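Working notes, beginning with the structure itself.
These numbers come from a predicted model, not from an experiment. Values reported hereafter were calculated over all heavy atoms of this structure, with side chains retained and with hydrogens, waters and symmetry mates removed.
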Amino acid sequence: MCGIIGISGRNPVNQSLFDGLTVLQHRGQDAAGIVTCDNGRLFLRKDNGLVRDVIRTRHMINLSGNIGIGHVRYPTAGSSASAEAQPFYVNSPFGIALAHNGNLTNSVALKDELFRSDLRHINTNSDSEILLNVFAHELQQRSKLSVDAEDIFSAMAIVHQRVRGAYAAVALVVGFGLVAFRDPNGIRPLVFGQKETENGIEYMVASESVALDVLDFQRVRDIAPGEVVLFDLDGRIHSQQCAAHPSPSPCIFEFVYLARPDSIIDQVSVHKARLRMGEHLAAKILRVWPGRDIDVVIPIPDTSRTAALQMASILGLKYREGFIKNRYIARTFIMPGQKTRKKSVRQKLNPIDLEFRGKNVLIVDDSIVRGTTSEQIIRMARKAGARRVYFASAAPPVRYPNVYGIDMPAACELIAHERSEEEIAQTIGADYLIFQDLPDLEEAVQRGNPGLQRFDSSCFTGEYVTGDINTEYLEHLARDRSDTAKTQRISHIDSTTTIDLHNTA
């Protein structure tokens, strides 16, 4: 999961790109970058760190132009080296920069093809650089000095044929404008909007609609799975379905955890979807737990608040904020390394003893992935004086790796893998544990958009919507992206480097 943004404006876009990336910071806190274009020249600033730390005033001055793209990274493929911060750039053809959210599942084969057949060199371990080069190669096959909409649509049709996996991307093509596209399954979100200005209409593309809201852009619609939407320099929009067989299958974990509640994804309000998750989970508690003796419902901030509040209302129980969150600690789910995550949980959350002392508490979280956070929080609750600690997850047990851009690569690192619900409860130290049922979770989202007939729920079911995932692939993924592998890679990074195209250091 990463955050991407693109703006085709009538005024300088550097500040808007910065502000939009800041709104999307929850989608990635490892690295950030912006590329702008002015009079045919690209200006790039990217590095490891948060948006506010990477893009400083001296960089903003140099990021000139009325068109640009940006990215916040959360590392899944590749490493945490600053050389793999996005956007990526190739100078042929035309000059293209690209920002990508997702994960390619055939990146190894594509990298070999690019070298042997397309004669293109890949300089990093990032599959985003591979996606950029596939697009650039197919566009170069048009053999023209300038590019038009039909050239891009033709190139993207081949890209969809060659590339597998999850990809929502925005590209800046020098001399043409912005290109935005989603994979044929629409696994990762992408939306665009527009704004009237005194100089004309401006357009914006983003991972989540909340970025449009904050910058006063009116949401137009989601980019459809397999669709390519172009915003040329003359202010025109072109769109075309470029996938032969699009099959909408958005990632359901976006609605559980990844997205902000004030976003709308594939026409579904994330906030309302989470309310319905709370409704379903409360109904299950009423159905399967008749002897419950809960005194209070307490959410783990922030993503579980909506579901917990609805649960408490339906169950007729008190809802209390029992944990105070430190806003200056990053999301623990996306931190590299189990040791770092454990340390950060305690720094991030502190219990209010009065809400726990002598009570039977039902703690609600959006999901349980590695179990690190859950175990630590239950210990905190007991230390704060809770008599009994019950735990509810608004999502089903996460038993399988996610291969489409979420950091769940190794099954052995998932607490629910090959464990029963009773064993999970024992491992995290809960007196009682209840999970959402998958049909209820999917219905909670689908009710917002009945047109969604399928979801990527692979981390719960082990069924992968792209149809190209086998045991060998999962074993390779586990070896390459487990916590152990990440730690080894990080230990080899002696220093970070800043990559700039033109005087943005």
Side-chain angles (χ1 to χ4, degrees), residues 1-4 27 74 76-77 100-107 127 131 160 163-169 181-191 207-208 222-227 243 245-259 263-268 270 273-274 276-277 303 333-334 366-367 369 393-411 414 416-417 435-470 473-474 477 481:
M1 128 186 139
C2 296
I4 62 175
R27 298 189 66 86
Y74 146 77
T76 50
H100 162 227
N101 174 30
N103 183 57
L104 307 188
T105 55
N106 64 337
S107 58
D127 58 346
L131 177 62
H160 283 325
V163 176
R164 305 297 296 270
Y167 50 96
F181 57 93
R182 285 174 88 185
D183 68 80
N185 292 293
I187 297 173
R188 293 281 151 243
L190 197 59
V191 63
S207 294
E208 294 185 33
D222 298 280
I223 293 176
E227 184 184 22
H245 304 288
S247 178
S249 310
C251 174
I252 203 159
F253 212 73
E254 291 278 355
F255 299 92
V256 171
Y257 173 80
L258 303 182
S263 285
I264 297 174
I265 294 177
D266 289 313
Q267 302 177 52
V268 179
V270 176
R274 290 176 183 168
R276 292 189 287 266
M277 292 175 203
T303 46
F333 174 81
I334 65 177
D366 51 76
S367 59
V369 180
S393 168
V398 176
R399 301 188 185 279
Y400 304 94
N402 181 282
V403 302
Y404 300 126
I406 305 176
D407 193 19
M408 304 176 190
L414 305 173
H417 184 67
F435 285 97
Q436 184 88 263
D437 293 328
L438 181 58
D440 287 342
L441 174 61
E442 292 184 341
E443 195 281 335
V445 178
Q446 189 181 44
R447 203 189 309 173
N449 179 4
L452 295 176
Q453 297 297 310
R454 187 172 79 150
F455 297 94
D456 169 49
S457 302
S458 54
C459 58
F460 307 123
T461 65
E463 299 172 5
Y464 298 93
V465 296
T466 53
D468 58 341
I469 306 303
N470 54 30
Y473 179 89
L474 293 175
L477 193 75
R481 302 185 198 170

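Under the rule for a side-chain contact (heavy atoms from CB on, under 4.5 Å), the partners of E443 that lie at least two apart in sequence or sit in another chain are H280, R447. Under the rule for a side-chain contact (heavy atoms from CB on, under 4.5 Å), the partners of E227 that lie at least two apart in sequence or sit in another chain are R221, I223, A224, V229, S239, Q241. Annotation: side-chain contact (heavy atoms from CB on, under 4.5 Å) contacts of N449 (sequence neighbours excluded): Q267, V268, L452. For D468, there are no salt bridge (charged side-chain N to carboxylate O under 4.0 Å, His left out) partners at least two apart in sequence or on another chain. Scanning for side-chain contact (heavy atoms from CB on, under 4.5 Å) contacts around I187 gives A166, D183, N185, C251, Y404, D456, V465, T466, with sequence neighbours left out. Residues that satisfy the salt bridge (charged side-chain N to carboxylate O under 4.0 Å, His left out) test with D440, not counting sequence neighbours, are absent from this structure.
Counting only heavy atoms from C-beta outward, the side chains of Y464 and L474 approach each other to under 4.5 Å. For the pair S249 and F455, the minimum side-chain heavy-atom distance is 4.5 Å or more.
Side chain of N101 to backbone of G3: no donor-acceptor contact under 3.5 angstrom is found. Looking only at distances, no side-chain donor or acceptor of E463 sits under 3.5 Å from a matching main-chain atom of F460. A distance-only check finds no donor-acceptor pair linking the side chain of T303 to the backbone of Y257 [under 3.5 Å]. A donor-acceptor pair is defined here as one N or O able to donate and one able to accept, closer than 3.5 Å; such a pair exists between the side chain of R274 and the backbone of F255. The backbone N or O of I265 sits nowhere less than 3.5 Å from a side-chain atom of E208 that would complete a donor-acceptor pair. Side-chain N or O atoms of Q436 include none that pairs as donor or acceptor with a backbone N or O of A395 at under 3.5 Å.
A distance of 11.0 Å separates CG in N103 from CG in L131, rounded to the nearest 0.5 Å. A distance of 6.0 Å separates CG in N402 from SG in C459, rounded to the nearest 0.5 Å.
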Is there a ring-ring contact (aromatic ring centres under 6.0 Å, His included) between F181 and H100? Walk through the geometry before answering. CA-CA 10 Å; F181 57 93; H100 162 227; 8.6 Å; no
Between Y74 and D407, is a side-chain contact (heavy atoms from CB on, under 4.5 Å) present by the stated rule, with each step listed? CA-CA 9 Å; Y74 146 77; D407 193 19; 2.5 Å; yes
May I have the step-by-step check of side-chain contact (heavy atoms from CB on, under 4.5 Å) for R27 and E254, ending in yes or no? CA-CA 10 Å; R27 298 189 66 86; E254 291 278 355; 2.9 Å; yes
Check step by step if side-chain contact (heavy atoms from CB on, under 4.5 Å) holds for F253 and S457. CA-CA 8 Å; F253 212 73; S457 302; over 6 Å; no
Between V191 and I264, is the side-chain contact (heavy atoms from CB on, under 4.5 Å) condition met? List the steps. CA-CA 9 Å; V191 63; I264 297 174; over 6 Å; no
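Nearest heavy atom pair, residue P184 against residue Y167, reads CD-OH, 3.4 Å. The two atoms that bring P397 and A416 nearest to each other are CB-CB, 3.8 Å, heavy atoms only. Heavy-atom minimum distance, R188 versus I406: NH2-CG1, 3.3 Å. Closest approach of S393 to S367, counting heavy atoms only: OG-CA, 3.4 Å. Closest approach of L441 to A394, counting heavy atoms only: CD1-O, 4.1 Å.
Side-chain contact check for S247 and R454: at least one donor-acceptor pair (N or O, by modelled atom type) lies under 3.5 Å. Between the side chains of D127 and S107, no donor N or O sits under 3.5 Å from an acceptor N or O.
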